Protein chains: 2
Amino acid sequence: MFSRLLASDLKEAGFNVSSARCGDSAMEMIEDYAPDLLMTERSLSGVSGIELTRKLKARTSTRQLPILMLATNSDHVDLARALETGADDFVHKPVSAIELVARARALLRRAKPTTVGERLEYEDIVVEMETLRAFRGGQLLKLGPTEFNILATFVEKPGRVWSRDQLLDVVWGPNTYIDPRTVDVHVGRLRKTLRAHGDGDPFRTIRGAGYALG
Amino acid sequence: MFSRLLASDLKEAGFNVSSARCGDSAMEMIEDYAPDLLMTERSLSGVSGIELTRKLKARTSTRQLPILMLATNSDHVDLARALETGADDFVHKPVSAIELVARARALLRRAKPTTVGERLEYEDIVVEMETLRAFRGGQLLKLGPTEFNILATFVEKPGRVWSRDQLLDVVWGPNTYIDPRTVDVHVGRLRKTLRAHGDGDPFRTIRGAGYALG
DNA sequence: GCGCGCCTTCACAGTTTCTTCACAAACCAC
DNA sequence: GTGGTTTGTGAAGAAACTGTGAAGGCGCGC
């Protein structure tokens with residue numbers, strides 16, 4: 001389990017910290033809370049830190065999650081393995097709070113370029129993830145950040161039906177408490193903008209279920 | 001002076017190693033040989049490792065040089081300073097050869113594919129990396145070092161959106177603790193200068209995301 | 001030691017965007 | 001058609017974000 005002391009150091013530095021009791025609960029928490037960074041130890045009850053790392057790096061949904069591994073000095077042997085399995089950085093214990101915070105910050109900053117230069121298309125709609133611009137029929141669309149994210153979500157999976165709650169999860173992030181009807185307003189504005197730059201409304205409203213593109 | 005033992009470990013791992021006797025000679029060697037990576041200790045005769053780091057990071061020409069700092073365990077106090085001045089990574093001694101090699105490789109991997117002596121262009125903007133000068137419409141721009149680096153970063157990838165944190169990482173170097181809003185001020189000044197030497201503002205502000213060129 | 005240039009922070013104003021609300025419109029089942 | 005739900009949408013206040021001038025600090029060259 002993650003040291004209570006280190007946790008309080010991190011909290012003091014402004015991080016929002018959650019601790020898991022063991023490797024298994026860590027997996028659950030990661031899925032539920034979608035943290036920005038994971039700190040783990042080599043040895044955990046249940047799933048080992050290395051095992052946990054390997055699992056997380058194997059999934060697309062958590063591959064981008066930066067992992068910082070803590071190791072005791074006797075763990076030298078495992079260092080190579082830890083790096084190979086995908087830990088992004090590691091430190092030897094004992095470690096000062098200042099160092100831990102510094103490394104955490106470095107990882108977080110480095111991790112940002114997650115959305116690699118993708119270019120999504122659906123019919124006459126184009127979404128450029130690198131430049132954060134969207135077009136319809138070649139015309140640049142003026143969208144707010146939230147509208148852009150919603151459009152990107154839809155274009156990524158044309159045809160898929162998204163419920164309001166799912167959109168809140170994906171676009172706003174997990175654990176946001178916002179009136180689901182707010183989604184209506186954003187989708188409405190998005191539709192309006194799209195209609196103004198092309199023929200017809202590419203969205204479908206599925207009564208009782210949500211929205212879909214195409 | 002850099003440990004002869006570690007040097008031989010590194011050589012064995014395939015690195016090409018040169019050692020300097022002191023901080024001053026290190027500066028010279030770096031200028032002469034343009035190494036891909038610098039390993040230094042906190043304390044050196046002449047210029048201290050921290051001082052050396054600061055100087056190298058302050059210069060545009062050596063800013064990209066990855067620096068790995070070695071520290072004894074009693075150096076905890078200086079750790080904060082070491083990071084602040086811009087060391088890219090550091091390890092505590094004693095350190096195993098395997099870890100040193102791993103960290104060195106990680107740094108090199110992360111290091112930017114050399115942009116030495118290049119000439120970057122975007123529309124009427126020209127950035128000469130060799131002479132460290134920038135022009136718009138043929139006119140020489142008077143820019144501070146930071147502004148120059150920001151401009152170079154943008155011109156290198158036109159259109160790409162850079163978040164404030166990414167810019168801090170790329171321009172200021174990793175492990176710098178600076179208010180992200182400071183980026184605004186520099187970008188603002190850069191814009192002002194550019195506007196004064198050409199038509200229009202080539203930059204885009206992406207609300208909630210960062211800045212982009214074009 | 002001093003002036004200068006550059007960097008960093010801060011505060012405040014101006015905008016844009018978000019969220020909620022209320023009501024009208026659309027839809028569905030009977 | 002009627003009643004009950006669900007959705008579309010304009011408006012408005014709230015919240016968040018950015019631009020910018022000014023102040024203070026720091027290192028560097030003279």
Side-chain angles (χ1 to χ4, degrees), chain A residues 132 134 141-152 161-168 170-173 175-196 200-212, chain B residues 27 47-48 50-60 63 81 84-86 132 134 141-151 161-165 167-173 175-196 200-212:
Chain A
L132 299 182
L141 303 176
K142 186 181 175 316
L143 300 173
T146 303
E147 283 151 42
F148 179 88
N149 287 328
I150 291 176
L151 179 59
V161 179
W162 297 85
S163 72
R164 292 178 178 75
D165 285 333
Q166 285 171 341
L167 284 173
L168 282 177
V170 174
V171 175
W172 277 257
N175 302 315
T176 41
Y177 304 105
I178 287 183
D179 184 347
R181 290 298 314 279
T182 299
V183 173
D184 294 24
V185 179
H186 286 282
V187 171
R189 281 200 279 260
L190 180 53
R191 281 175 141 163
K192 193 175 182 179
T193 305
L194 284 171
R195 276 198 306 264
D201 182 351
F203 284 99
R204 251 186 323 145
T205 299
I206 296 87
R207 194 182 166 82
Y211 301 95
Chain B
M27 277 299 273
V47 187
S48 80
I50 289 179
E51 188 69 8
L52 183 63
T53 301
R54 203 177 51 66
K55 283 194 174 167
L56 290 170
K57 288 297 178 185
R59 282 195 209 182
T60 308
R63 172 160 296 167
R81 265 185 80 203
E84 277 168 16
T85 50
L132 302 181
L141 302 176
K142 185 180 175 318
L143 300 173
T146 303
E147 283 151 42
F148 178 87
N149 286 320
I150 291 176
L151 179 59
V161 177
W162 298 85
S163 72
R164 292 178 178 75
D165 283 336
L167 285 173
L168 282 177
D169 216 13
V170 174
V171 174
W172 276 257
N175 305 320
T176 41
Y177 306 113
I178 287 183
D179 184 346
R181 289 297 314 278
T182 299
V183 173
D184 293 25
V185 179
H186 287 282
V187 170
R189 280 200 280 263
L190 181 54
R191 281 176 141 161
K192 196 174 182 179
T193 305
L194 285 171
R195 276 198 306 262
D201 182 351
F203 285 99
R204 211 164 31 112
T205 299
I206 298 88
R207 181 167 248 262
Y211 300 95

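Worth saying up front: this structure is predicted, and the values here are computed from it rather than measured. All values below were derived from every heavy atom in this structure, side-chain atoms included, with hydrogens, water molecules and symmetry-related copies excluded. Chain letters run A, B, ... following the sequence lines, proteins first and then strands; every chain starts at 1.
- The phosphate of D/dT6 has neither OP1 nor OP2 within less than 4.0 Å of any side-chain N or O from A/Y211.
- Contacts of B/R181 classified as side chain to side chain donor-acceptor pair (under 3.5 Å), with partners at least two apart in sequence or in another chain: B/D184.
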(request) Decide side-chain contact (heavy atoms from CB on, under 4.5 Å) for A/L151 and A/E147; before the verdict, give the C-alpha distance in whole Å, the side-chain angles of both, and the deciding distance to 0.1 Å. (result) CA-CA 6 Å; A/L151 179 59; A/E147 283 151 42; over 6 Å; no

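- Here the closest non-hydrogen pair linking B/V183 and B/R164 is CG2-O, 3.9 Å.
- Within 4.0 Å (heavy atoms only), A/F148 reaches no atom of the nucleic acid at all.
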Restricting both atoms to N or O, compile the protein contacts to nucleotides 18-20 of chain C shorter than 3.5 Å, with distance only.
| unit_1 | atom_1 | unit_2 | atom_2 | d |
| --- | --- | --- | --- | --- |
| C/dC18 | OP1 | A/T146 | N | 2.9 |
| C/dC18 | OP1 | A/T146 | OG1 | 2.3 |
| C/dT19 | OP1 | A/W172 | NE1 | 3.2 |
| C/dT19 | OP2 | A/W172 | NE1 | 2.9 |
| C/dT19 | OP2 | A/H186 | NE2 | 3.4 |
| C/dT20 | OP2 | A/D179 | N | 3.0 |
| C/dT20 | OP2 | A/T182 | OG1 | 2.8 |

Review item, nucleotides 14-17 of chain D N/O atoms under 3.5 Å of protein N/O:
| unit_1 | atom_1 | unit_2 | atom_2 | d |
| --- | --- | --- | --- | --- |
| D/dC17 | O4' | B/R207 | NH1 | 3.3 |
| D/dC17 | O3' | B/G208 | N | 3.4 |
| D/dC17 | O2 | B/R207 | NH2 | 2.9 |

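- Annotation: the terminal axes of the helix from C/dG1-D/dC30 to C/dC30-D/dG1 meet at 40°, where each axis is the rotation carrying the C1' atoms of four end pairs onto the next four (5 pairs per end, rounded to 10°).
- A/V170 meets the side-chain contact (heavy atoms from CB on, under 4.5 Å) test with A/T153, A/W162; sequence neighbours excluded.
- At a threshold of 4.5 Å between non-hydrogen side-chain atoms, the residues B/L190 and B/F203 count as touching.
- Within the 4.0 Å cut-off from OP1 or OP2 of D/dG10, at least one side-chain nitrogen or oxygen of A/K192 is found.
- Residues passing the side-chain contact (heavy atoms from CB on, under 4.5 Å) test with B/R204, sequence neighbours excluded: A/T131, A/R133, B/V161, B/I206, B/A212.
- Side-chain N or O atoms of B/N149 include one that pairs as donor or acceptor with a backbone N or O of B/P145 at under 3.5 Å.
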